[in-house]
Amino acid sequence: MTSSNEALAHSASSAEAAPGTPPGAARGAHGRGGPAADSWRSRLYRWDMKGSPYAFVAPFFILFGAFTLVPLLYTAWYSLHNVQLSSLDHQTWTGLDNYRNLLSSDFFWNALKNTFTIGVLSTVPQLLAALGLAHLLNYRLRGSTVWRVVMLTPYATSVAAATLVFTLLYSWDGGMINWLLHFAGVGPVNWRESDWGSQFAVSSIVVWRWTGYNALIYLAAMQAIPADLYESAAIDGANRWQQFRHVTVPQLRPTILFTVVVSTIGATQLFGEPLLFGGVSGSKGGSEHQYQTLGLYMYDQGWIVGNLGKASAIAWSMFLILLIIAAVNLLLTRRLRKSQ
Amino acid sequence: MRTNFRRSRRMMALAAVAALTTSLLAGCAKDAKDGSSDDAGGGNGKGKITLTVGTYGVFGYKQAGLYDEYMKLHPDINIKENVTTRTDVYWPKVLTRLQAGSGTDDIQAIEIGNITEAVQTQADKFVDMSKYVDKSQWLDWKNAQATTKDGKLIGLGTDIGPMAICYRKDLLQKAGLPTDRDKLAQMWKGDWAKYVDVGKQYMKKAPKGTKFVDSAASVYNAALGGGADRYYDKDGNVIWDKSQGVKKSWDVAMTVATSDMSAKLKQFDPTWDQGYANASFATVACPAWMIGYIEQKSGDSGKGNWDVAAAPTASNWGGSWIGVPNAGKHQKEAIALAKWLTDPAQQEKVFSKQASFPSTPSAYPNLKPAADTTAYFSNAPLTQIFSDSAKTIPTQIFGIKDQPMTTAITDVGILQVEQKGKTPAEGWNAAAKEIKDVLGQ
């Protein structure tokens, strides 16, 4: 009986969410007094204790189920069928045909290759530049907040706006970049139609947008490095560059790994930049598909050609590729932890 | 001071959360409205019905004040236009909603590139308009393209895209060519190859930094728009590699792509717009709806320098229909509105505002282009030129994948020759490979 009384007081106070309420506030219930009511209350309390956490986390999982899990499974189902956008009701089972089709399609392999090369072209310079910038920002600077905010500005601009500006900069006739190259004695480059030129151009948009973002992550990690490490290094006669190499970088290793993984996932899903860079028929990724990424190929197959089955197969292939990346990451992290 | 600071920080955080939440909620609310258009009005006792019109790009109805006019005529009706700018985003969305049987607008616009797909696969999702209108109001070929085999008319014709050649008098003059629109039309009359010959003459004395046309793809498009046969035969079989229309247009485009008379721009890219502003090309095949675009992009510097001449052959590029999906809640009202919007009298008004050319011939004698547009194009008889073209356009047979097939030829085949220096044969093979991919072969 005492324990249930206590429970009562608790439940009353927790229900009213006012920590200051005296236990006597539960008197009314006491007055009604039947043991049935008591056990009802205590049961409610137990449910509250056990159930509430689930209720609190439920919204995420419901949304996750509705907008991620179900579409994911539905896409898997689609990828095993012949589904046309114009006749969604007529799905014919084709088994693994869509996947076989993909493996024998030049366009798929080309897109996979492009995704990889553009990924490397954008991720590597981006992270190196971010590391360097973070190192510079880590010094005592006048107006350091301003610098940091400025770093983040490209990330805050929309992909569409950034790409539009870059498209103009890279236009082969009258674009600013070719104009500058002209002063350096280099002939005009057709940035959109040349193979490496276009990939470089697309990568540069990605680099421009994400470098500052990664730099701030590195900066945060750098500031967590204890100052005495640098002090003792300085006492040992290490200059700034040596400090960077032998103190900063090793300390940042987990952070670097994190950014590598996140950037790789981002690169695998690259879509907006090449689509908009391509202009009117952007989903082709250039006349020879020279910068068509997997994301673009999926969009082209699904929404332009209208072959949803094949597009779903591409989506699942991308998913599998990401799983492989995640597995590699896991292995690396374990290695890293063991070596420390 | 310190506590103040903290409190203000907390207030900021609160404000941020509040802003986020409201914007999220606003997003939901908007989506919900977007998803089921009938929520907004739904004849709920008040008697006011909201009709939604789904379009892409600029249809000119709002600009010409047609919605306001209709709402004044019908006080119980409220009209809302849902615009999706890009067709390649608009059409897949419409397709999925039509098949889901919900979420469509009361009136849905259909573009010429999608009309065959709509006729062949979605006809049962649209109201048969032939029961409600006098079909003879429209050009026969316009009706034919929206009619199913068993005679169901799924949409009412809005504008069409009869073709002319827009040219810059100042550039042609510097190149020693005639600037009179009748003389020019005579020089290339009957064949797009003759137009290209004029281009060769232009290039001999071309003003520095200018070319004859904007792109080889636009010449291909214009030439293809004048022939009866395209990629499909009338039974729906793919004949693109045997089609005379495709072959002839391709050959003309190849002459352009390999003879340095093209500014090598891609239409509707920002760089194309710049080309207008910098006067970097002398002529462009212009359907009626492009008139306003040219005026806008060339700006003041082009005023009075542009002129319009008849195209080598009658040709059509673009145009739309508006259909009433069965899934709409207010079919009767939507049919009435669609009828009214496509009535010759209304098409006239849209033309004078937006230069979208009517698909109803009875409107032609009364067409009045906007005064400043006429002045901009050197007082060219726009109406005359475009109506002459419109009346002689052949009935073109479109197929389900017409649009992606055209893109494959223009944006892959022609572009490779024009911008990457490939041979015409290589360009053709690349386009063929692309088309096979489109057709799932």
Side-chain angles (χ1 to χ4, degrees), chain A residues 82-90 97-98 101 105-108 110 163-175 188 190-195 197-198 275-290 292 297 299-311, chain B residues 86-89 91-93 95-96 98-100 114 116-118 120-122 209 211 217 263-275 277-278 280 400-401 403-408 410-422 426-427 430-431 433-434 436-440:
Chain A
N82 179 7
V83 193
Q84 295 296 315
L85 183 61
S86 53
S87 51
L88 292 172
D89 305 335
H90 302 281
D97 268 9
N98 281 326
N101 200 325
S105 154
D106 293 348
F107 294 133
F108 175 74
N110 174 60
T163 311
L164 203 66
V165 172
F166 272 83
T167 310
L168 285 176
L169 290 180
Y170 280 116
S171 84
W172 78 278
D173 188 17
N190 190 338
W191 289 103
R192 189 144 77 184
E193 286 308 318
S194 65
D195 296 349
S198 61
L275 179 78
L276 295 165
F277 184 70
V280 186
S281 55
S283 62
K284 292 243 179 289
S287 67
E288 279 193 290
H289 300 240
Q290 63 269 26
Q292 188 177 47
Y297 187 49
Y299 180 75
D300 191 50
Q301 281 299 323
W303 301 112
I304 307 291
V305 175
N307 195 344
L308 285 183
K310 197 166 161 192
Chain B
R86 290 180 61 144
T87 355
D88 59 341
V89 178
W91 184 243
K93 199 164 72 182
L95 274 184
T96 45
L98 280 175
Q99 293 173 76
N114 308 120
T116 313
E117 186 172 20
Q120 290 184 10
T121 67
Q122 311 296 321
K211 304 282 179 183
K264 302 184 183 179
L265 299 168
K266 214 166 154 188
Q267 293 203 319
F268 298 102
D269 261 1
T271 50
W272 192 56
D273 298 351
Q274 278 187 332
N278 304 339
S280 60
I400 287 195
K401 305 267 183 188
Q403 197 149 292
M405 285 168 88
T406 301
T407 312
T410 57
D411 292 15
V412 172
I414 295 178
L415 212 65
Q416 283 194 14
V417 179
E418 190 175 34
Q419 300 202 10
K420 302 193 79 167
K422 301 260 168 122
E426 284 171 330
K433 192 176 152 195
E434 193 78 34
K436 278 184 186 141
D437 186 55
V438 166
L439 297 172

Interface moiety of Q267(B) toward chain A, non-hydrogen atoms closer than 4.5 Å: backbone

Option that, when pairs with chain A are counted at under 4.5 Å, heavy atom only, ranks first among D411(B), T271(B), V438(B): D411(B)

Residue among D300(A), N82(A), D106(A), N101(A) with most heavy-atom pairs under 4.5 Å to chain B: D106(A)

Which portion of E117(B) sits near chain A, non-hydrogen atoms under 4.5 angstrom: side chain

Pair K284(A) + D437(B), salt bridge at N-O below 4.0 Å: no

Segment of N307(A) engaging chain B (4.5 angstrom heavy-atom cut-off): neither

Contacting region of Y299(A) [heavy-atom separation from chain B under 4.5 Å]: side chain

All side chain to side chain donor-acceptor pair (under 3.5 Å) counterparts of S105(A), not counting sequence neighbours: Y297(A)

Test item: K420(B) and N190(A) side chains (from C-beta on) under 4.5 Å apart, heavy atoms: no

Interchain contact, K433(B) with chain A, by part (heavy-atom threshold 4.5 Å): both

Max heavy-atom pair count under 4.5 Å with chain A, selected residue of Q419(B), K422(B), Q416(B): Q416(B)

Residue pair K266(B) / S281(A), side-chain heavy-atom distance below 4.5 Å: yes

Test side chain to side chain donor-acceptor pair (under 3.5 Å) applied to T410(B) - qualifying residues, sequence neighbours left out: none

